[in-house]
4 protein chains.
Amino acid sequence: MSTERLVKCDFMPRKDGDVTRNRILQIAEKLFSEKGYDGAGVNEIALLAGVNKATIYYHFKDKQDIIVSLFHNIMEEVDAHQQLQADKQKAEGSIRSKIKNEILFLETKKKILAVILMESLKDNKDDTLFFCAKTIMYQEIGNSEIKDKKVREAFSMHEFFTGFLPLISFVVYREKWCRYFNCSETTALNVFLDVFEKTHLNTHIIK
Amino acid sequence: MSTERLVKCDFMPRKDGDVTRNRILQIAEKLFSEKGYDGAGVNEIALLAGVNKATIYYHFKDKQDIIVSLFHNIMEEVDAHQQLQADKQKAEGSIRSKIKNEILFLETKKKILAVILMESLKDNKDDTLFFCAKTIMYQEIGNSEIKDKKVREAFSMHEFFTGFLPLISFVVYREKWCRYFNCSETTALNVFLDVFEKTHLNTHIIK
Amino acid sequence: MSTERLVKCDFMPRKDGDVTRNRILQIAEKLFSEKGYDGAGVNEIALLAGVNKATIYYHFKDKQDIIVSLFHNIMEEVDAHQQLQADKQKAEGSIRSKIKNEILFLETKKKILAVILMESLKDNKDDTLFFCAKTIMYQEIGNSEIKDKKVREAFSMHEFFTGFLPLISFVVYREKWCRYFNCSETTALNVFLDVFEKTHLNTHIIK
Amino acid sequence: MSTERLVKCDFMPRKDGDVTRNRILQIAEKLFSEKGYDGAGVNEIALLAGVNKATIYYHFKDKQDIIVSLFHNIMEEVDAHQQLQADKQKAEGSIRSKIKNEILFLETKKKILAVILMESLKDNKDDTLFFCAKTIMYQEIGNSEIKDKKVREAFSMHEFFTGFLPLISFVVYREKWCRYFNCSETTALNVFLDVFEKTHLNTHIIK
DNA sequence: CATGAATGAGATTTCATTCAT
DNA sequence: GATGAATGAAATCTCATTCAT
């Protein structure tokens with residue numbers, strides 16, 4: 001439902017309702033990332049979004065529905081982003097610059113990514129993390145094309161644990177890491193790129 | 001962990017209270033890892049631990065105190081483990097087998113590690129994750145010995161993002177990953193070791 | 001009931017609004033009878049009636065106004081029905097067949113009758129139940145004609161507790177009763193008529 | 001659970017908890033009878049019972065559990081009462097005096113009986129009304145002894161619709177009825193007994 | 001005539017915590 | 001050491017109602 005609304009409004013006079021809905025989502029994303037899903041209250045979301053508590057329940061079935069909508073949205077955005085990247089693929093420059101762009105893109109999603117990570121650690125059925133991993137990492141080569149089971153397993157493992165996870169971990173932990181290890185954020189980015197290139201990129205199984 | 005405490009108490013008048021205390025910690029660890037700290041209630045912990053709710057507040061100042069105790073314990077255990085490893089270091093075999101042992105050790109702590117990860121993602125002051133990272137990864141070389149700031153930064157980055165994080169991520173996500181990608185858990189371990197060797201270990205800055 | 005309204009409006013400029021209004025009343029009647037007045041929400045009524053919640057407030061002052069309208073309508077209908085019956089009175093057959101017809105008529109009102117019963121049991125000022133009782137049972141003799149207080153009391157008591165209440169109870173409980181006592185609905189009607197004849201009708205004070 | 005508690009406490013030093021629990025039940029009974037189950041709030045119950053809202057949820061799983069406990073209790077009480085009556089049966093006097101006693105007993109339960117009636121009118125699975133009907137009315141003759149299906153049906157119908165229902169209706173409506181028809185409550189009882197004798201008792205199928 | 005959006009008040013329920021025993 | 005009972009505060013969610021369009 002959330003999607004339909006958003007799509008519709010791309011070429012329709014956006015109604016007030018969607019503005020409100022999006023403001024709620026935006027605040028929820030922020031609070032969930034700061035306190036965790038269970039740590040952030042609907043009350044607080046309403047307060048910061050400047051709407052009545054009941055308004056939240058007008059736009060969302062329940063609290064779960066808020067996080068589900070956020071996950072739904074991010075999946076769509078990641079999908080759209082990857083499709084875009086796929087088009088530019090051959091034309092552009094070095095692999096390092098591509099990774100840098102990827103990080104810059106993920107940086108804009110870092111709040112929701114933190115939420116996804118937290119939720120993915122719980123004992124639930126949510127697979128958003130794996131969905132994002134697949135969409136973000138498998139662009140380089142269609143995973144389905146790898147026929148050999150063993151090769152495919154190694155590839156997935158490589159991509160997920162030494163590619164995707166370090167990447168988004170860097171995005172979500174950078175700030176805290178820099179604070180703890182007393183390091184500037186830009187230095188961190190460059191050093192990370194060096195390290196990432198050396199470990200993950202240079203060891204790609206396929207090409 | 002419960003064992004460890006009991007061992008310590010071998011030459012102290014062992015009270016029944018410690019049994020209860022440890023049962024509470026054990027259940028709390030389980031529930032926190034399944035539902036997150038905020039998602040698990042004191043009620044539920046008491047119920048599953050088979051004790052009265054008030055008993056929890058006899059043993060712990062408040063809910064925070066439970067998780068703090070868990071974090072405290074794990075830090076001690078990791079510390080102790082690393083000291084033990086340091087002793088055997090030279091004697092033993094390949095680096096791969098050392099990593100395997102490390103994983104087997106971490107596997108026994110995977111529930112509390114998941115909790116640490118969740119909590120570290122929030123906007124709080126908890127540094128348990130970084131403490132664990134330092135203790136587990138810096139055994140090889142005393143980090144403090146690296147004088148050059150740049151080298152030290154690169155080293156830390158390397159250790160944290162492409163060493164420690166993939167390692168504990170593998171431990172906490174293995175089950176979910178295998179279920180999602182339809183792969184046996186033992187295969188996963190071997191493949192991971194291959195990948196980890198190739199990416200992280202082979203690229204160690206300092207030997 | 002909805003039909004009745006439309007008939008009335010045959011010689012009035014029939015607005016579309018009446019259709020909506022009647023659909024709301026019809027659904028409200030159904031929901032109130034299923035869940036009680038307080039148990040049924042305006043939301044639900046709007047949903048099932050296929051109209052916007054605000055539409056309900058266009059047609060009715062507030063929720064009370066819905067049930068008041070329903071009560072008003074049923075009182076009018078019972079009144080009209082009794083006047084009709086009074087005309088045919090002498091011409092027609094046995095008292096048993098008259099009661100049967102009465103039951104068949106009440107059957108069409110059984111939802112609202114259940115609501116009236118529920119509301120009449122509460123501590124409120126609503127007298128719809130007594131109004132219906134009077135209208136339905138006192139047709140036989142103008143109650144006001146009975147001058148003697150004692151006779152009038154006995155008559156009212158007889159009519160209300162052993163005439164009216166068994167009658168409408170049969171109508172509203174028939175289904176549940178048949179289900180619970182495992183009895184067909186037609187059998188139930190015949191047996192009830194036997195019983196009612198023997199108990200109430202044969203003991204009429206006034207002929 | 002509620003039962004067990006009560007039973008236990010008959011010969012045990014009644015703990016404070018049961019006092020509280022019973023006060024809650026008592027107030028709930030009052031409020032439910034005055035406003036209906038949905039019309040009465042847990043807040044209000046807590047307030048009048050002089051306990052904290054949370055205390056109610058310490059003693060009862062949820063709001064439903066309160067009404068279920070009430071129904072459970074009344075069923076036990078009715079059962080116990082009937083067993084007692086069965087013993088005295090032969091010794092005592094006229095059927096009229098027995099009915100009078102019955103009414104005086106039911107009078108003490110009239111609040112919960114009103115609640116049972118309200119709830120029984122809704123579309124739910126609750127059979128408390130039928131249970132009470134069976135227990136109260138079938139004492140005279142073991143219903144199960146009637147072999148012939150037709151006779152049994154007629155008997156049940158007779159007992160339920162012209163015996164039980166007028167009886168409890170009288171109990172729950174007496175006050176309102178007297179107010180509406182401007183009649184004293186004692187007169188009402190006597191007149192009702194006359195009417196009930198003539199209609200229901202004199203027409204008993206079996207003796 | 002009807003609706004989408006919004007809301008204040010209040011509903012039910014849960015939370016971490018305390019205390020007398 | 002441990003517990004049953006209780007609680008204030010806050011959580012999630014629902015309610016009847018309003019209003020601009």
Side-chain angles (χ1 to χ4, degrees), chain A residues 5 15-21 24 38-46 50-66, chain B residues 15-21 24 38-46 49-66, chain C residues 15-21 24 38-46 49-66, chain D residues 5 15-21 24 38-46 50-66:
Chain A
R5 278 163 166 292
K15 301 208 205 86
D16 286 333
D18 270 335
V19 174
T20 306
R21 191 188 145 93
I24 293 167
D38 298 292
V42 175
N43 232 332
E44 219 174 345
I45 297 172
V51 299
N52 187 281
K53 231 187 312 182
T55 304
I56 292 186
Y57 289 91
Y58 175 75
H59 288 284
F60 302 93
K61 191 172 87 52
D62 52 21
K63 199 188 175 189
Q64 266 296 318
D65 192 27
I66 302 177
Chain B
K15 304 190 204 118
D16 278 5
D18 266 348
V19 175
T20 305
R21 192 188 144 91
I24 292 167
D38 297 294
V42 175
N43 231 333
E44 218 175 344
I45 296 171
V51 301
N52 188 279
K53 231 191 309 184
T55 304
I56 291 184
Y57 286 88
Y58 176 78
H59 289 283
F60 302 92
K61 191 171 85 54
D62 54 18
K63 197 188 175 188
Q64 266 297 317
D65 193 27
I66 303 176
Chain C
K15 303 188 205 120
D16 278 6
D18 267 346
V19 174
T20 305
R21 191 188 146 92
I24 293 167
D38 296 294
V42 175
N43 232 333
E44 218 174 344
I45 296 170
V51 300
N52 187 279
K53 231 192 308 186
T55 304
I56 291 184
Y57 287 88
Y58 175 78
H59 288 284
F60 301 91
K61 190 171 87 55
D62 53 20
K63 198 190 176 189
Q64 267 296 319
D65 192 26
I66 302 176
Chain D
R5 281 163 165 288
K15 303 208 204 84
D16 287 334
D18 269 336
V19 173
T20 307
R21 192 188 144 91
I24 293 167
D38 298 291
V42 175
N43 233 334
E44 219 174 344
I45 297 171
V51 299
N52 189 280
K53 234 189 307 184
T55 303
I56 291 186
Y57 288 91
Y58 175 74
H59 288 283
F60 301 92
K61 192 172 84 53
D62 53 19
K63 199 187 174 189
Q64 267 295 318
D65 192 28
I66 304 177

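Each chain gets a letter, A, B and so on, in the order the sequences are listed, and its residues count up from 1. Worth knowing before you read on, the calculation uses all heavy atoms, side chains too, and leaves out hydrogens, waters and symmetry mates.
Out of E:dT7, E:dA6, E:dA2, the shortest distance to the side chain of A:His59 is found at E:dA6. For D:Thr20, the listed nucleotide lying nearest its side chain is F:dA6; candidates were E:dA2, F:dA6, F:dG1.
Under 4.0 angstrom from either OP1 or OP2 of F:dG1 there lies no side-chain N or O belonging to B:Thr55. Residue B:Tyr58 places no side-chain N or O under 4.0 Å from the OP1 or OP2 atom of F:dG1.
The distance between atom CZ of A:Phe60 and atom P of E:dA5, rounded to the nearest whole Å, is 12 Å. For the pair B:Arg21 CZ and F:dA2 P, the computed distance is 12 Å after rounding to whole Å. Following rounding to the nearest Å, D:Ile45 (CD1) and E:dG10 (P) show an atom-to-atom distance of 17 Å.
Rounded to the nearest 0.5 Å, atoms OH (B:Tyr57) and NZ (B:Lys63) are 8.0 Å apart. In this structure, CD1 in B:Ile56 is found 5.0 Å from CD1 in B:Ile66, a value given to the nearest 0.5 Å.
Not counting sequence neighbours, the partners of B:Asp65 by the side chain to side chain contact (heavy atoms under 4.5 Å, CB included) test are B:Phe60, B:Lys61, B:Asp62, B:Ser69. The side chain to side chain contact (heavy atoms under 4.5 Å, CB included) test applied to D:Asn52 returns D:Ala54, D:Thr55, not counting sequence neighbours.
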Report summary line: Symbol by symbol from the 5' end, with Watson-Crick or G-U pairs under 3.5 Å, [ ] crossing and | another strand, DNA chain E is .||||||||||||||||||||
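Here the closest non-hydrogen pair linking D:His59 and D:Arg21 is O-NH1, 3.4 Å. In terms of heavy-atom proximity, C:Gly39 sits nearest to C:Glu44 at O-OE1, 4.4 Å.
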Requested in this report: Give the B/S/- string for nucleotides 14-21 of chain E, one per nucleotide from 5' to 3', where a protein heavy atom under 4.0 Å of the base yields B, of only the sugar-phosphate yields S, and otherwise -.
Outcome: BBBBBB--
